[in-house]
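Notes follow the structure.
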Amino acid sequence: MSLETSRKIFIVGDYDLAATLNSGQAFRWVEEGDGWSAVVDNRWVFVKQIGKGIEARVAEPVSDWRWLEEYLQVGVDIKAVTDSFPDDEPMREAVRACRGLRLLLQDPWECLASFILSSNKQITQIRQMVALICERFGEPVVSGESRGQGCPRSAFAFPSAARLAETSEEALRECRLGYRAPYLLKSARMVAEGEVELDRMREMGCGEAREELLKLPGVGRKIADCALLFAGGHQEAFPIDVWILKALKELYFARKRKVTPKRLQEFSMTYFGPHGGYAQQYLFHYMRKQAGRA
DNA sequence: GTCCAGGACCTAG
DNA sequence: CTAGGTCATGGA
């Protein structure tokens with residue numbers, strides 16, 4: 001019998017929680033005072049940075065914290081990862097600006113569904129859409145007994161594919177999804193029916209898993225690569241969005257007049273090494289930080 | 001009022 | 001394979 005606790009400390013260096021939780025890879029984290037809260041693996045959790053690492057609290061005591069350890073990827077040797085990046089000026093700058101930034105390992109469906117909503121939307125708006133579908137269709141995860149003690153009045157899990165599959169396009173449009181509503185609904189149905197097995201994504205090779213994801217409506221190369229990278233553990237996946245496109249053009253192809261998308265895709269897959277997706281996240285956050293200062 | 005957002009999809013060249 | 005238009009909504 002293992003002891004149940006509602007508090008846990010992860011000893012870890014080089015971990016910047018704020019950068020990690022606010023770098024556009026997950027959309028449920030809300031800043032609360034000196035930390036952040038969200039629902040992970042159907043549990044409400046609050047995390048904050050402390051001297052030696054990360055302190056976590058949950059609403060309902062647990063005996064096993066591996067779910068959070070895996071999600072936060074505290075066991076990853078981040079120095080080994082950043083050392084694998086190409087030794088050029090842009091990457092050195094990005095690493096300097098984003099020290100402690102980590103990739104999370106998220107739930108496949110929540111991650112994929114969130115990124116289906118992400119197309120042509122700002123991160124703040126993606127957060128709003130995700131929050132709405134959780135409030136309206138997600139299971140409540142905070143029981144009556146645990147309310148009050150630093151926990152929220154209510155918190156909701158991200159709705160399963162099966163749950164969303166039984167909603168309607170109209171109900172989803174009322175969550176402000178716009179033209180993304182039918183994409184999410186159809187993808188939810190296909191996942192719920194097992195047409196695409198998201199849970200096998202981590203066992204499959206990156207390319208094979210990508211082909212599966214591309215079968216889903218509303219999922220193109222970029223969104224597929226986000227799911228592969230943020231939930232599939234495939235760190236060679238390299239999502240190219242408008243920010244990364246700008247970064248690649250300005251930092252690596254400034255001399256070229258015209259660069260085709262295909263050329264950029266090839267470059268991104270070969271140049272940045274075995275943890276290319278990680279490098280991509282550093283470039284992404286680096287570009288956004290710079291823009292925020294201007 | 002204008003521009004654009006962690007794009008996908010459809011059509012025409 | 002590339003270029004351009006469209007999609008729904010709302011920050012900036």
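Fair warning: this is a prediction, and the values are worked out from it, not measured in the lab. Letters A, B, ... are given to chains in the order of the sequence lines, protein chains preceding strands, and every chain is numbered from 1.
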Task: Any A/Lys258 side-chain nitrogen or oxygen under 4.0 Å from OP1 or OP2 of C/dA3 - done: yes
Task: Donor on one side chain, acceptor on other, A/Glu4 and A/Ser63, under 3.5 Å - done: no
- [ ] Take the protein atom CG of A/Leu184 and the nucleotide atom P of B/dC9, then report the distance between them rounded to whole Å.
- [x] 13 Å
Open item on the list: Does the structure show a Watson-Crick or G-U wobble partner for B/dG1, both distances under 3.5 Å? Name it, or say none.
Closed with: none
Open item on the list: With a 6.0 Å cut-off on the ring centroids, do A/Tyr252 and A/Phe267 count as close?
Closed with: yes
- [ ] Could you state the atom-to-atom distance from CD1 of A/Ile126 to C1' of B/dG7 in whole Å?
- [x] 11 Å
TODO: Sticking with atom P, work out how far B/dG6 lies from C/dT6, rounded to a whole angstrom.
DONE: 22 Å
TODO: Let me know the distance between CG of A/Leu245 and P of B/dC4, rounded to the nearest Å.
DONE: 14 Å
Task: Toward the 5' end of DNA chain B, by each residue's nearest nucleotide, A/Gly218 or A/Ile240 - done: A/Ile240
TODO: Verify the cluster assignment for A/Trp44 and A/Ile54: are they in a single hydrophobic cluster under the rule of side-chain heavy atoms below 4.5 Å apart?
DONE: no
Task: Side-chain heavy-atom pair A/Glu55, A/Gln49 within 4.5 angstrom cut-off - done: no
Task: Heavy-atom pair with the smallest gap, counting every atom of A/Leu185 and A/Ala165 - done: CD1-O, 3.9 Å
Open item on the list: Check for me whether the distance between the ring centres of A/Phe156 and A/Phe137 falls short of 6.0 Å.
Closed with: no
Open item on the list: Classify A/Phe230 by what it touches in the nucleic acid, base, sugar-phosphate, or nothing, heavy-atom distance under 4.0 Å.
Closed with: base
Open item on the list: Quick one about A/Ser23 and A/Gln281 (side-chain donor to acceptor, distance below 3.5 Å, no hydrogens or angles considered), yes or no?
Closed with: yes
Open item on the list: Can you classify the ring geometry of A/Tyr278 versus A/His275 as parallel (below 30°), tilted (30 to 60°) or perpendicular (above 60°)?
Closed with: perpendicular
- [ ] Without swapping roles, check the side chain of A/Gln25 against the backbone of A/Arg102 for a donor-acceptor pair under 3.5 Å.
- [x] yes
Task: 5′-ward residue of the pair A/Tyr183/A/Ser23 relative to DNA chain B - done: A/Ser23
Task: B/dC3 versus C/dG5 - spacing of their P atoms, nearest Å - done: 14 Å
Task: Check against ring pair (Phe, Tyr, Trp, His ring centres under 6.0 Å), A/Phe85 and A/Tyr282 - done: CA-CA 10 Å; A/Phe85 295 167; A/Tyr282 273 70; 5.6 Å; yes
- [ ] Report yes if the side chains of A/Trp29 and A/Leu17 come closer than 4.5 Å at any heavy-atom pair, otherwise no.
- [x] no
- [ ] Can you check each nucleotide of nucleotides 4-12 of chain C against protein heavy atoms at under 4.0 Å and return B for base, S for sugar-phosphate only, - for none, in 5' to 3' order?
- [x] ---BBBBB-
Open item on the list: Check the orientation of A/Trp109 and A/Phe158. Use parallel for under 30°, tilted for 30 to 60°, and perpendicular for over 60°.
Closed with: perpendicular
- [ ] Return the value, rounded to whole Å, for the distance between atom CZ of A/Arg210 and atom P of B/dA8.
- [x] 12 Å
- [ ] Give the rounded distance in Å between these two atoms: CZ of A/Phe238 and P of B/dG6.
- [x] 17 Å
- [ ] Would you kindly give the CG-to-C1' distance between A/Asp241 and B/dA5, to the nearest whole Å?
- [x] 10 Å
- [ ] Specify the separation, in whole Å, of atom CD of A/Gln265 and atom P of C/dC1.
- [x] 11 Å
- [ ] Taking only heavy atoms on the protein side, list every residue of residues 220-228 of chain A lying under 4.0 Å from any atom of DNA chain B, sorted numerically.
- [x] A/Gly220, A/Arg221, A/Lys222, A/Ile223
Open item on the list: What residues from residues 274-285 of chain A pass a heavy-atom cutoff of under 4.0 Å to DNA chain B?
Closed with: A/Gln280, A/Gln281, A/Phe284
Open item on the list: Rounding to an integer number of Å, can you tell me how far A/Leu214 CG sits from B/dG7 P?
Closed with: 16 Å
